[in-house]
Amino acid sequence: MFELHPELAQLERNITETQRLVTRQIARIEQMTEQGADTETAQAVLHGLEQVLDYFHAQRERILDILTRQ
């Protein structure tokens, strides 16, 4: 069986956790919208989480690229 590179394994955990946070934040924004609350700050948090997720995905691709060249 293929064993994940330690950094890649950590990135996979980070991606999973951050995706979970994104999903929770989207649900929170939907709830706030239904209640007529201001979602500006919640939207900014969501944007930040999405940027972190994009970064983790890019890092994973970089590591995979390096590993495939070895």
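Fair warning: this is a prediction, and the values are worked out from it, not measured in the lab.
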Inset, instruction - Rounded to the nearest 0.5 Å, what's the gap from CD on Q43 to OG1 on T41? Could you check? - result: 10.0 Å
Inset, instruction - Could you tell me whether the side chain of T68 and the main chain of D65 form a donor-acceptor pair under 3.5 Å? - result: yes
Inset, instruction - Flag yes if more than 12 heavy atoms outside E40 fall under 6.0 Å of its CD atom; otherwise flag no. - result: no
Inset, instruction - Starting at CD of Q19, measure out to NE2 of H57 and round the result to the nearest 0.5 Å. - result: 6.5 Å
Inset, instruction - Please step through side-chain contact (heavy atoms from CB on, under 4.5 Å) for the pair Q59 and Y55, ending with a clear verdict. - result: CA-CA 6 Å; Q59 287 299 100; Y55 171 79; 3.5 Å; yes
Legend entry - From OG1 (T33) to CZ (R28), nearest 0.5 Å: 12.5 Å
Inset, instruction - Could you pull out the closest heavy-atom pair between I29 and T39, with the gap in Å? - result: O-CG2, 4.0 Å
Inset, instruction - Report the distance from atom CG of L49 to atom CZ of R20, rounding to the nearest 0.5 Å. - result: 10.5 Å
Legend entry - Atom pair CD (E17) and CZ (F56), whose distance is rounded to the nearest 0.5 Å: 10.0 Å
Legend entry - L21 with M32, same ILVMFWY side-chain cluster at under 4.5 Å: no
Inset, instruction - Examine distances only and state if a side-chain atom of E50 and a backbone atom of V22 form a donor-acceptor pair shorter than 3.5 Å. - result: no
Legend entry - Point-to-point distance, once rounded to the nearest 0.5 Å, from CZ of R60 to CG of L8: 7.5 Å
